[in-house]
Q: 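Let me begin by handing over the structure; questions about it come next.
Here the structure is a predicted model, which is why all the values come from computation and not from measurement.
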Amino acid sequence: MFSGSVTKFGGACSRWLGLGVALVAALGVQAEKFSTDLDPICRLPRLSLKEADPESLYELLATDDPENGLWEPVLHVTGAHDHSWYDPQVRAQQRRFYRTQRMHPRPPALPIWNFRLTDHAGKAHELLREGDLRAVVLVFTDNANLPAVWNELRPVQEKFAGKPVGFWLINPVDARPSLGAAVASAGVPVPVLHDAAQAVMSTFGIRRAGETVVVTSELMEEIYRGAVASRFQAGDGQVKQEFVEEALSAYLANQPVRMPMTRAAGAELAMAATGVPDYASEVAPLLQRSCVNCHRPGDIGSFAMTNHAAVARQAASIKANLLEGLMPPWHADAPKGVFTNDFSLQPAEVARLLRWVDAGAPKGAQGDPLADVVPPTPVDWPMGTPDRIVRITRQNIPAKSSQAEIPYKYAVVASPFTTNVWLRAAVVRPGNRQVVHHALIFTGTSFADVLQVQAGLGGFFAGYVPGMEQREYPAGTGKLLKRGSFIVFQMHYTPVETAQTDATEIGLYLMPQAPQRELVTGAAFTTDLSIPPGAADSPAAAEMAFARPVTIYELSPHMHYRGKRVRFEALLPDGSTDTLLNVPAYDFAWQAMYRFTEPRTYPAGTRIRVTGAFDNSVWNPFNPNPAATVGFGEQTDDEMFIGYLNYSEH
């Protein structure tokens, strides 16, 4: 049998008698290799393939009207084995016609696109980071069909429990907040990923609920697509064709998958917009609004979006970055509008770019807005010239060959002000972005204050980290720089191939008068870290308590290369919990300060809990040494776990 067996429970399947089934020969196929008959137990129409070419792949197509109907592919089978198959569609038809075509040589398996999605519980899942699994089963559904789809998938998931197989359900239709309730109601124990932009759905060509794709984590190849199974009653008998189960069993046994495709017959999933977007009116304006600010000459983008040709050359890279959630580099798992500096793309915008890329990135007949409108040249001080600029003495950074790691350097500069001043912003500008990994600025009025810096664990006055947008402080707040203060620069340098120099500076912007509230940067942190070798999800936690009522304006997590995920929560005195920020996929290269559109105010006694995890496995592409036990330290091959908060107490 090519996918299971027929089981008789008593009696005959007389309802199938008299059904017309015909096999029509197709070009390039020896018709005698395929045959049709009625199963002797249930009298169910059965199609068989015998003595076929083992080097070929055979495609079976079916229709109800051979003259005017559409011939639809219903399965692919290899020629290496004899096969029998039962078409569940014949139950609803009076007649059914089939034809075959041979694919020789057998088409090679094509690599698939990596992707990252967030599930119903706020956890990120990425194919390329599931290397400990040999295969991942992707099953697409919406909330309405979730109970039926899970009921069909559950026996397969249970059969492979404890084996190196992952099961992901993917919902490309419903709103994210609705997923949790649907999962709980259906009793689904596996993650349900949210494909908000229908990006994964369209990339895999999915159209129906229950449609399944089995991919290998080892080679990132598709080995099966179609229905999970075909189980149905036939009179007093039951037909069971376990498609996914057989594909997984074969693959785990290092055997070829005999049937790499079947037809999925579930309900059609609702599709959003289709068609090819117009470059001039739909694509270029989106790029100008959301991408060109970094992707322009002289800025940090990996290429400059100066015209259509420049973008079209990078079309594959754009698609990869969108599917993996890398660009734009915004990592908060929150609806648009929660954070005022949210520069992420809306799902419909992601879908628009992907449809354009998949169509070949056409320019169209209109003009080229990217070429017509030249973006402004990056300036040293985007907020305007500061009232004062404080610069450290020039630092010499040796080449990587002579010193692979450089201990933190500290430079102390006196405040340029002779009185207390209130600042509306303090902007750190690295002198040499090639080697400045990050810079934290501290202040104090005594040498003892300088000694309390402690790697920024207690907070900082100002800072620069890759990807952080430096802005004015939240409305109604400011930071106090006291008369006679020292300004302490903590510089973390990363050597490159050649020796370099740096003279980082800070621009200070004054307020005309004292603000309503003083803004303070504090931190919840822990130094109790011991991350085992190879651990893919090593947890960490820290807390910070407030004895007075507090308003929280901004949040920023800080870890190093092994940082995986982080969540900020407010634990209120009444026992309730308020989630402030969830970052399912932390990115060390892009560390943002997430600013609330509406600041959060909490009563005295509130605690801020920060939880997260580290990925010290070989599947973390940024991991410097998966074999190391990793503890707390200032270098990037050590780890930190800090949750920064900008707040004011009442």
Side-chain angles (χ1 to χ4, degrees), residues 121-124 331-334 338-339 438 440 442 452-461 463 465 468 474 477 490 517-532 535 537-560 562-588 591-596 598-616 630-634 638-650:
K123 183 178 179 181
H331 305 102
D333 175 29
V338 172
F339 297 103
H438 77 257
L440 294 182
F442 308 89
Q452 295 298 315
V453 167
Q454 295 184 336
L457 297 179
F460 55 85
F461 189 77
V465 293
M468 180 180 288
T477 70
Q490 179 200 77
R517 293 175 182 168
E518 180 179 5
L519 187 69
V520 178
T521 302
F525 67 90
T526 181
T527 60
D528 184 18
L529 299 177
S530 182
I531 306 168
D537 197 74
S538 182
E543 284 195 6
M544 178 181 184
F546 292 97
R548 297 165 57 188
V550 62
T551 296
I552 298 175
Y553 300 95
E554 296 173 307
L555 306 166
S556 182
H558 179 70
M559 295 180 277
H560 292 166
R562 296 172 178 87
K564 180 178 182 179
R565 57 180 171 85
V566 65
R567 182 187 294 265
F568 287 67
E569 297 172 304
L571 310 181
L572 278 64
D574 64 4
S576 61
T577 301
D578 184 18
T579 298
L580 297 170
L581 171 66
N582 178 39
V583 177
Y586 175 82
D587 189 340
F588 178 63
Q591 300 179 50
M593 182 70 80
Y594 300 94
R595 178 177 294 187
F596 288 112
E598 296 292 336
R600 305 285 184 89
T601 298
Y602 298 106
T606 295
R607 293 177 293 129
I608 302 301
R609 178 175 62 193
V610 183
T611 56
F614 297 94
D615 183 356
N616 195 23
V630 184
F632 173 84
E634 296 181 339
D638 300 316
E639 271 303 337
M640 289 183 169
F641 188 77
I642 306 174
Y644 289 114
L645 302 89
N646 273 345
Y647 66 90
S648 62
E649 292 186 298
H650 305 183

Q: Rounded to the nearest 0.5 Å, what's the gap from CG on N582 to NZ on K123? Could you check?
A: 12.0 Å
Q: Taking S556 for the side chain and A592 for the main chain, is one N or O donor matched with an acceptor at less than 3.5 Å?
A: yes
Q: Angle between ring planes, F588 versus H560, binned at 30° and 60°: parallel, tilted or perpendicular?
A: perpendicular
Q: Any Lys/Arg nitrogen of R565 or D537 sitting under 4.0 Å from an Asp/Glu carboxylate oxygen of the other?
A: yes
Q: Quick one: OH on Y586 to CD on Q591, what's the gap to the nearest 0.5 Å?
A: 3.5 Å
Q: Nearest 0.5 angstrom please: K564 NZ to D587 CG, how far?
A: 14.5 Å
Q: Can you name the closest pair of heavy atoms from A523 and I642 and give their distance?
A: CB-CG2, 3.7 Å
Q: Report yes if some heavy atom in the side chain of V630 is under 4.5 Å from a heavy atom in the side chain of L529; otherwise report no.
A: no
Q: Taking all atoms of both residues into account, what is the closest heavy-atom pair of P584 and H331, and its distance?
A: CD-O, 3.5 Å
Q: Might you point out which heavy atoms bring A570 and Y602 nearest each other, and give the distance in Å?
A: CB-CZ, 3.7 Å
Q: Check each of T601, L581, L645 against I552 using the side-chain contact (heavy atoms from CB on, under 4.5 Å) test, and report the only one that passes.
A: L645
Q: Quick one, L519 and P474 - any side-chain contact, counting heavy atoms below 4.5 Å?
A: yes
Q: State which residue, out of T527, D638, D528, fulfils the side-chain contact (heavy atoms from CB on, under 4.5 Å) condition with F632.
A: T527
Q: Quick one: does any side-chain atom of R548 pair with a main-chain N or O of H650 as donor and acceptor, under 3.5 Å?
A: yes
Q: Let me confirm one number: the CG-OH distance from N646 to Y594, rounded to the nearest 0.5 Å.
A: 14.5 Å
Q: Hey, does I608 have a side-chain heavy atom less than 4.5 Å from the side chain of L580?
A: yes
Q: Do the side chains of M640 and E634 get nearer than 4.5 Å, heavy atoms only?
A: yes
Q: Are there over 12 heavy-atom neighbours, none belonging to D578, within less than 6.0 Å of that residue's CG?
A: yes
Q: Do D574 and S576 pair up side chain to side chain, a donor and an acceptor below 3.5 Å, judged on atom types alone?
A: yes
Q: Is L555 close to F596 at the side-chain level, that is, under 4.5 Å between some pair of heavy atoms?
A: yes
Q: Taking side-chain contact (heavy atoms from CB on, under 4.5 Å) as the definition, give me every residue that meets it alongside P599, ordered by chain and number, with sequence neighbours left out.
A: T551, Y553
Q: Compute the centroid of each ring, for F525 and then for F641, and state whether the two points are separated by less than 6.0 Å.
A: no
Q: Which heavy atom in A542 sits nearest to a heavy atom in A524, and how many Å separate them?
A: CB-C, 3.8 Å
Q: If only atom types and distance count, is the side chain of E639 paired as donor or acceptor with the main-chain N or O of R562 below 3.5 Å?
A: yes
Q: Hey, what do you get for OG1 (T606) to CG (L571), rounding to the nearest 0.5 Å?
A: 8.5 Å
Q: Is a side-chain N or O of N616 found less than 3.5 angstrom from the main chain of P532, in a donor-acceptor match?
A: yes
Q: Indicate yes or no for a side-chain donor-acceptor contact from D333 to the backbone of G122 under 3.5 Å, with no hydrogens or angles considered.
A: no
Q: Looking at E543 and R609, is any side-chain nitrogen of the basic one under 4.0 Å from a carboxylate oxygen of the acidic one?
A: no
Q: Parallel, tilted or perpendicular: which fits the ring planes of H558 and Y644, with parallel below 30° and perpendicular above 60°?
A: tilted
Q: Of the non-hydrogen atoms in A547 and E649, which two are nearest, and what is the gap between them?
A: N-OE2, 4.3 Å
Q: List the atom of G459, the atom of F442, and the distance in Å for their closest heavy-atom pair.
A: O-CE2, 3.2 Å
Q: Can you name the residues that form a ring pair (Phe, Tyr, Trp, His ring centres under 6.0 Å) with Y647, not counting sequence neighbours?
A: F546
